[in-house]
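For reference, the structure is listed below as structure tokens.
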Amino acid sequence: MPELPEVTTVINTLKPLIIGKTIQKIEVYRPKNILSDLKEFETVLLKKTIVDIKRKGKFLFFYFSEDYTMIAHLRMEGKYFFHKKQEERNKHDILSFLFSDGTELVYNDVRKFGIVYLTKNEKVQEAPVLKNLGPEPWEITFEEFYEKLKKSHAPLKEALLDQSIMSGLGNIYADETLFASRLHPLYPAKEVTKEEANIILKEARRILEEAIREGGSTIRSYHPSEGVDGRMQSRLEVYGHAHEPCPRCAFPLRKISVGGRGTTYCPRCQKLPNEPLTIAVTGPIASGKSAVARFLKNKGYRLIDADQIVKELYQDETIIELLKNWDSSLIKDEKIDRDYLRNLVLNDQEKLKELNALIHPLVYQRMLDDRKASALPCVFDIPVFFYSPLEEVSDLIIYVDAPEEIRKKRLLARHKSQDIELNKPFTKGFLKRKGALIIDGSQSLESLEERLNELTFL
């Protein structure tokens, strides 16, 4: 999406091409994008000359002779193309201006979200498309910015995208600003201190100024103009770098959704106050995940072991009563009948699912409670991790995998039946989408620890 620097680049690109040009013909191919009176738009600009182009936030202002202004917003993927002669229409063209010298300006928008609004100069500020548009980062004072954040009920990332608070920042530069400010995107905006607000505003100004100098960012969904590429994307530190090492601390960058927008940040450098750094270690049975969890425990992480919690729950009188009501055969002498439980695991998958539906939520809640008990970094050791509430709070997922034959061999060494059903590992494509760090657990303990020691961010 074009943001303030990209819009500036569009203006700088168009100015020498179209200022002083007079419109001879107007063609509107998608009337829905014209928010002012269509008939007026198609007639009033004829024979008018473009005298200037300016910007506020992410809006463009095309100034015409006889005191008319066209306000435009590119939204997600809008672009302006200048042609030396009139060309055939593209299916994504929204409108075109044919100039008296035969050249042409075309507004093209693949997503068709962009808007155009025509008004008289003296009524620009009354234009409904500019309603609640806030000041730019260089116009707003530190005090005003701080007070606006204090009144917001949104997470900080959403507040930075709120154009009524401050105009110009979009998804790319909000991520970059938060990283530079060392603040978590989910940090409540109303809890920001004066010092933090000052840092945010200073960093936003610095990053936007740098992006303007570099011509903005050319990304997959946006190019400033035909034949024009920005250079800022090579300087972006977090946006577009999910799961790569943090440029400051090497911890893998994490991508989450905030207000429906993809958001990349460093869990270590941008920690939420009083929230522990959390690593989840998961994988199929006998893959070596517990060895990885123990390694982290020796490194100073608090170990929160799902299997241990299950054992404790099975000794709890309330849980025993719950399970007795579910299946009295599972309880023998007021204790869990291990043989009956083992038979469920091996032979009755449907009943096992029912049991898991009772126990797993209790395990997840205990793990979440244990995590909140201290601000020290912690590690979850849990086989059933994905799609649990633990995924939302885990800053890094380590997935330990090993070939099936090795896992079976390990289970036999633990005196477990060869008939036990091995849970299938997740595909590499799935794990990549989840941003998981995949560790080979088939190696010896010494080799495994050597590999983990190479991960300096641990």
Side-chain angles (χ1 to χ4, degrees), residues 1-56 58-121 124 127 129 215-231:
M1 172 188 281
E3 301 181 29
L4 187 152
E6 288 74 40
V7 172
T8 303
T9 299
V10 170
I11 291 172
N12 292 339
T13 302
L14 291 179
K15 271 187 172 183
L17 298 174
I18 66 173
I19 285 184
K21 303 250 181 182
T22 300
I23 297 175
Q24 178 179 302
K25 182 180 179 182
I26 300 170
E27 291 190 82
V28 176
Y29 311 107
R30 195 168 189 277
K32 287 183 179 180
N33 294 77
I34 312 299
L35 300 189
S36 52
D37 183 85
L38 180 61
K39 185 170 289 188
E40 180 185 22
F41 183 85
E42 291 177 317
T43 57
V44 79
L45 290 181
L46 289 174
K47 308 303 181 184
K48 301 294 189 298
T49 301
I50 298 177
V51 296
D52 201 0
I53 317 173
K54 294 184 179 180
R55 186 216 75 236
K56 180 167 184 180
K58 294 183 274 185
F59 282 89
L60 294 99
F61 295 79
F62 292 79
Y63 293 96
F64 292 86
S65 56
E66 299 184 33
D67 296 330
Y68 277 96
T69 301
M70 184 180 81
I71 304 169
H73 198 297
L74 297 169
R75 297 298 191 207
M76 297 293 289
E77 297 186 32
K79 304 174 184 70
Y80 283 97
F81 293 117
F82 177 77
H83 301 145
K84 292 183 179 180
K85 61 179 181 178
Q86 191 171 15
E87 297 192 0
E88 290 185 12
R89 297 281 59 84
N90 180 288
K91 66 178 181 178
H92 301 303
D93 288 348
I94 303 298
L95 67 90
S96 68
F97 293 143
L98 180 65
F99 298 116
S100 57
D101 63 355
T103 60
E104 180 184 42
L105 180 69
V106 177
Y107 173 46
N108 177 284
D109 191 347
V110 174
R111 300 287 288 273
K112 298 179 173 58
F113 292 155
I115 59 169
V116 174
Y117 184 88
L118 182 66
T119 185
K120 293 286 285 184
N121 287 357
V124 165
V129 295
S217 300
T218 295
I219 56 176
R220 178 187 60 80
S221 62
Y222 179 72
H223 293 253
S225 183
E226 188 173 30
V228 178
D229 282 341
R231 300 174 299 278

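Just the heavy atoms: all of them, side chains too, but no hydrogens, waters or symmetry mates, feed the values below. This one's a predicted model, so the numbers in the text were calculated from it and none came from an experiment.
Between D52 and I19 the shortest side-chain heavy-atom distance falls below 4.5 Å. Using a 4.5 Å heavy-atom cutoff, the side chains of Y68 and V51 are not in contact. No side-chain heavy atom of L95 sits less than 4.5 Å from a side-chain heavy atom of I26. When side chains are defined from C-beta on, V106 does not count as touching N90, because their heavy atoms never get closer than 4.5 Å. The shortest side-chain heavy-atom distance between I115 and R75 falls under the 4.5 Å cut-off.
Listed by chain and number, the residues in a salt bridge (Lys or Arg N to Asp or Glu O under 4.0 Å) with K56 amount to none (sequence neighbours excluded).
Classification of the F61-Y63 ring pair by plane angle, with boundaries at 30° and 60°, yields parallel.
One side chain, T22 or T49, offers a donor N or O that lies under 3.5 Å from an acceptor on the other.
Under the 3.5 Å distance criterion, the side-chain polar atoms of D109 are matched with a main-chain donor or acceptor of G114. Without hydrogens or angle criteria, D67 side chain to K120 main chain gives no donor-acceptor distance under 3.5 Å. A donor-acceptor distance shorter than 3.5 angstrom exists from the side chain of K79 to the backbone of E77, with no hydrogens or angles considered.
The shortest non-hydrogen separation linking L98 to Q86 is CD2-OE1, 3.7 Å.
Within a 6.0 Å radius of NZ in K54, no more than 12 heavy atoms belonging to other residues, nucleotides or ligands are found.
With respect to R30 and D93, no salt bridge is recorded, no charged nitrogen being found less than 4.0 Å from a carboxylate O.
For F97 and F62, the ring centers are positioned 6.0 Å apart or more.
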